[in-house]
Chemist: 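Please see the structure below; I have some questions.
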Amino acid sequence: MSGKKIQAPKGVSEYVPPRSVSFEFVRESLINPARRAGYQLIELPVFEDTELFTRGVGESTDVVSKEMYTFEDRGGRSITLRPEGTAGVMRAVIEHGLDRAQLPTKLWYSGAFFRAERPQAGRYRQFYQVGIEAIGLDDPAIDAEVIAIADAGFKAIGLTKYRLDITSLGDSQSRAAHRIDLVKFIASMDLDEATALRAQINPLRLFDDKRPQIRSAMEKAPLLLDYLSQASRENFEQVRRYLEALGISYVINPRMVRGLDYYTGTTFEFVHELLGAQSGIGGGGRYDGLMSELGGQELSGIGFGLGVDRALLAAESEGVISADAFVSDLFIIPLGGGAKEQALRIASSLRKAGKVVEIAFGDRALKGAMKSADKSGARYVVVLGDEELNSQSVELKNMNSGVSTSVSIDSLINAL
RNA sequence: GUGGACGUAGCUCAGCUGGUAGAGCACCCGGUUGUGGUCCGGGAUGUCGCGGGUUCGAGCCCCGUCGUUCACCCCA
């Protein structure tokens with residue numbers, strides 16, 4: 001070997017066996033509820049025109065102002081690795097006219113996202129999300145359904161130690177009225193420069209500050225929830241009633257702050273108890289202005305993004321992931337060249353029937369091959385030698401009990 | 001971007017007040033002729049993250065760098 005080892009770029013999450021099995025399980029668990037609710041796959045590029053995010057997500061957000069992977073391509077275009085999913089989905093919906101079909105348009109996606117942050121437990125520069133978007137329908141029932149779909153995903157993984165925070169950001173008039181009072185309130189506080197600047201960009205951020213002085217000072221701050229218009233309040237109450245009807249418990253958190261500018265109305269966040277500083281395992285909400293901001297119709301939508309990496313971490317910390325290694329149905333050990341040919345044939349026909357079959361290649365000693373069969377977690381093992389080739393019948397060994405039964409090669413499929 | 005901790009075989013780690021490396025697990029071979037999981041015997045493996053410095057001599061000290069990790073910030 002010559003040359004230095006090349007390592008993965010800083011802060012990326014990657015999954016190798018056996019943990020990749022758990023990762024796949026978590027991701028599928030999060031996707032399935034969406035499929036069952038009639039959401040359809042949308043597969044999008046991981047890079048987009050930079051302007052999509054500056055315009056869609058909002059220039060004042062940290063995500064856009066300092067966490068984007070932006071570069072110029074060979075044609076001099078400014079390209080950005082997607083930091084979140086919703087903006088891209090909206091772009092594609094508009095571009096392909098998906099909003100001209102029967103509404104709501106219901107889509108799910110899954111894939112990698114990128115944020116140039118300092119890595120930390122549960123925070124990576126490349127991470128995975130599963131998300132859905134329901135576009136073009138204003139009905140509190142769909143808000144509740146979207147939340148229920150996310151909740152069903154977490155439950156399917158087996159998570160129990162998490163809570164659901166919800167709030168409503170109301171309509172634009174509600175927010176404007178609240179903002180005036182909140183800014184007034186903050187002006188009376190004694191803030192350091194950095195915090196004052198943050199407050200200036202988005203005064204709501206101070207609700208999220210972790211420092212005790214700020215926390216206690218903010219206790220008396222005016223809450224957006226108290227400024228909701230009649231319509232917004234009724235809408236939010238309706239969402240809550242639906243959630244209760246679904247048996248989904250939640251906590252109203254009027255201090256919840258979301259990082260993306262486009263949220264309006266119902267917003268929510270799933271927070272896990274055992275995760276440490278990066279405890280949000282998923283979140284989302286309604287966005288009214290996003291479509292038109294991106295040049296589409298005046299349609300609102302609601303969606304969520306769930307963190308696959310964090311959900312996996314949560315599952316591991318709860319101990320609900322049975323770290324089941326890969327398990328195959330049958331392990332074939334061929335002895336000799338003729339047996340290999342036959343093993344290949346048997347394996348491929350069993351695989352066609354949906355069985356997971358492995359073959360011990362490489363002319364290892366039988367004992368060694370048996371060991372690898374054992375390690376692979378195979379349920380059954382078959383040794384294929386001259387005797388078996390002549391008689392067309394094999395000893396099917398059950399690796400659990402150690403018992404072997406004689407079966408003809410043709411009827412192997414029935415015996416598995 | 002800011003701050004703390006850490007970086008020794010594939011993995012988890014030990015290595016005393018500086019004298020050029022070890023354990024467990026895993027892996028490979030064997031314990032006679034075609035059957036694993038236990039047991040026994042044997043074996044391979046590291047430029048001690050990288051670069052520089054101090055020293056007669058550094059895995060142990062100093063500086064830098066890269067990476068990991070935890071927290072802030074932010075968020076999935």
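All values below come from the heavy atoms of this structure, side chains included, with hydrogens, waters and symmetry mates left out. Quick caveat, the model's predicted, so the values are computed rather than measured. Below, read A as the first sequence line, B as the second, and so on, with proteins coming before strands; counting in each chain starts at 1.
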Chemist: Could you check whether A/K367 gets within reach of a base, just the sugar-phosphate, or nothing at all, counting any heavy atom under 4.0 Å?
Modeler: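 Touches a base.
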
Chemist: Between B/U45 and B/C25, how many Å separate the two C1' atoms, rounded to a whole number?
Modeler: 14 Å

Chemist: Determine the interatomic distance between P on B/G42 and the same-named atom on B/G59; round to the nearest Å.
Modeler: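 Looking at atom P only, B/G42 and B/G59 are 30 Å apart.
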
Chemist: For the side chain of A/R123, starting at C-beta, report the closest nucleotide among B/A71, B/C73, B/G67.
Modeler: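 Of the candidates, B/C73 comes closest.
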
Chemist: If only side-chain N and O atoms of A/R364 are considered, is one of them under 4.0 Å from the OP1 or OP2 phosphate oxygen of B/C29?
Modeler: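 Checking A/R364 against B/C29: at least one side-chain N or O falls below 4.0 Å of OP1 or OP2.
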
Chemist: Classify A/E387 by what it touches in the nucleic acid, base, sugar-phosphate, or nothing, heavy-atom distance under 4.0 Å.
Modeler: base

Chemist: Quick one: does A/Q120 reach the base of B/C73 with a side-chain donor-acceptor pair under 3.5 Å?
Modeler: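 It does, because a donor-acceptor pair links the side chain of A/Q120 to the base of B/C73 below 3.5 Å.
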
Chemist: Would you mind telling me which residue lines up with the more 5' stretch of RNA chain B, A/N398 or A/P119, judged by nearest nucleotide?
Modeler: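 By nearest-heavy-atom nucleotide position, the 5'-most residue is A/N398.
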
Chemist: Compute whether any side-chain donor of one residue and acceptor of the other, for A/T80 and A/T70, lie under 3.5 angstrom apart.
Modeler: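 Looking only at side-chain atoms, A/T70 and A/T80 do form a donor-acceptor pair, the distance falling under 3.5 Å.
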
Chemist: For the pair made of CD in A/E395 and P in B/G34, what is the distance, rounded to whole Å?
Modeler: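 Interatomic distance, CD of A/E395 to P of B/G34: 16 Å.
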
Chemist: Using the C1' atom as the reference point in each nucleotide, state the distance between B/C63 and B/U55 in Å, no decimals.
Modeler: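 So the two C1' atoms sit 16 Å from each other.
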
Chemist: Heavy atoms under 4.0 Å, any strand shown: does A/G122 hit a base, just sugar-phosphate, or nothing?
Modeler: base

Chemist: So, under a plain 3.5 Å distance rule, would you say the side chain of A/E388 forms a donor-acceptor pair with the base of B/G34?
Modeler: yes

Chemist: Can you give me the closest heavy-atom contact between A/G85 and A/Y109, atom names plus distance?
Modeler: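 Closest heavy-atom pair between A/G85 and A/Y109: CA-OH, 3.7 Å.
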
Chemist: Classify the ring geometry between A/Y128 and A/F23 as parallel (under 30°), tilted (30 to 60°) or perpendicular (over 60°).
Modeler: perpendicular

Chemist: For the residue pair A/Y287 / A/E293, report whether a side-chain donor-acceptor contact shorter than 3.5 Å exists.
Modeler: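 Note: A/E293 and A/Y287 side chains miss the donor-acceptor criterion.
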
Chemist: CZ of A/F113 versus P of B/A76: gap in Å, rounded?
Modeler: 11 Å

Chemist: If you assign each of A/V381 and A/G307 to its closest nucleotide in RNA chain B, which residue comes earlier from the 5' end?
Modeler: A/V381

Chemist: Quantified in whole Å, what is the P atom distance between nucleotide B/C11 and nucleotide B/G4?
Modeler: 28 Å

Chemist: Using whole Å, report how far NZ of A/K371 lies from P of B/U35.
Modeler: 14 Å

Chemist: Would you write the dot-bracket representation of RNA chain B, where each base gets (, ), [, ], | or . depending on whether it forms a Watson-Crick or G-U pair under 3.5 Å and with which partner?
Modeler: (((((((..((((........)))).(((((.......))))).....(((((.......))))))))))))....

Chemist: Less than 3.5 Å between a donor and an acceptor, one on the side chain of A/D374 and one on the base of B/G36, is that the case here?
Modeler: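 Answer is yes: a donor-acceptor pair is held.
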
Chemist: Does A/Y124 reach a base, just sugar-phosphate, or nothing at all? Heavy atoms under 4.0 Å.
Modeler: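 Touches a base.
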
Chemist: Please state the C1' separation for the pair B/G15 and B/G24 - nearest whole angstrom.
Modeler: 15 Å

Chemist: Could you tell me the separation between the CG atom of A/L366 and the P atom of B/G36, rounded to a whole number of Å?
Modeler: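 So the two atoms are 8 Å apart, to the nearest Å.
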
Chemist: Using a 4.0 Å heavy-atom cut-off, does A/K397 contact any base of the nucleic acid, only the sugar-phosphate backbone, or nothing at all?
Modeler: base

Chemist: Do we see a donor-acceptor contact under 3.5 Å between the side chains of A/N235 and A/S232?
Modeler: no

Chemist: Rounded to whole Å, please give me the gap between CD in A/E117 and P in B/U68.
Modeler: 14 Å

Chemist: Any Lys/Arg nitrogen of A/E51 or A/R77 sitting under 4.0 Å from an Asp/Glu carboxylate oxygen of the other?
Modeler: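 Between A/R77 and A/E51 there is no salt bridge, as every charged N stays at least 4.0 Å from the carboxylate O atoms.
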
Chemist: Out of B/U2, B/C27, B/C75, which has the shortest distance to the side chain of A/K375?
Modeler: B/C27

Chemist: Answer with yes or no whether the side chains of A/E67 and A/Y69 bring together a donor and an acceptor at under 3.5 Å.
Modeler: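 A/E67 and A/Y69 do not have a side-chain donor-acceptor pair below 3.5 Å.
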
Chemist: So that I know where these two stand, are A/F268 and A/Y250 an aromatic pair - ring centroids less than 6.0 Å apart?
Modeler: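 Between A/Y250 and A/F268, which both carry aromatic rings, the centre distance is not below 6.0 Å.
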
Chemist: Which heavy atom of A/E133 sits nearest to which heavy atom of A/G303, and what is that distance?
Modeler: OE1-CA, 3.4 Å

Chemist: As a test of reading the structure: which of B/G3, B/G30, B/C73 is closest to the side chain of A/K66, going by heavy atoms?
Modeler: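 Within the option list, the nearest is B/C73.
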
Chemist: Among B/G67, B/U35, B/C75, which is the nearest nucleotide to the side chain of A/Q7?
Modeler: B/G67

Chemist: Taking A/E219 first and then A/R215, would you say they form a salt bridge - that is, a charged N and a carboxylate O separated by under 4.0 Å?
Modeler: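 No salt bridge links A/E219 with A/R215.
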
Chemist: Closest to the A/A277 side chain: B/A76, B/A71, B/G36?
Modeler: B/A71

Chemist: Contact class for A/G276 (heavy atom, under 4.0 Å): base, sugar-phosphate, or nothing?
Modeler: sugar-phosphate

Chemist: When you compare B/C13 with B/A9, how far apart are their C1' atoms, in angstrom units rounded to a whole number?
Modeler: 11 Å

Chemist: I'd like to know if A/R258 reaches the base of B/C75 with its side chain, counting only an N/O donor and acceptor under 3.5 Å.
Modeler: no

Chemist: Using a heavy-atom cut-off of under 4.0 Å over every strand shown, decide if A/D386 touches base, sugar-phosphate, or nothing.
Modeler: base

Chemist: When the P atoms of B/A21 and B/G30 are considered, how many whole Å apart are they?
Modeler: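 32 Å, rounded to whole Å.
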
Chemist: What interatomic distance, in whole Å, is found between P of B/C61 and the corresponding atom of B/U17?
Modeler: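 About 10 Å, rounded to a whole number of Å.
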
Chemist: Report which part of the nucleic acid A/A121 touches: base, sugar-phosphate, or nothing (heavy-atom distance under 4.0 Å, all strands).
Modeler: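 Sugar-phosphate, backbone atoms only, no base.
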
Chemist: Check every strand shown and say whether A/Q126 touches a base, only sugar-phosphate, or nothing at a heavy-atom separation below 4.0 Å.
Modeler: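 No contact at all - A/Q126 keeps every heavy atom at 4.0 Å or more from the nucleic acid.
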
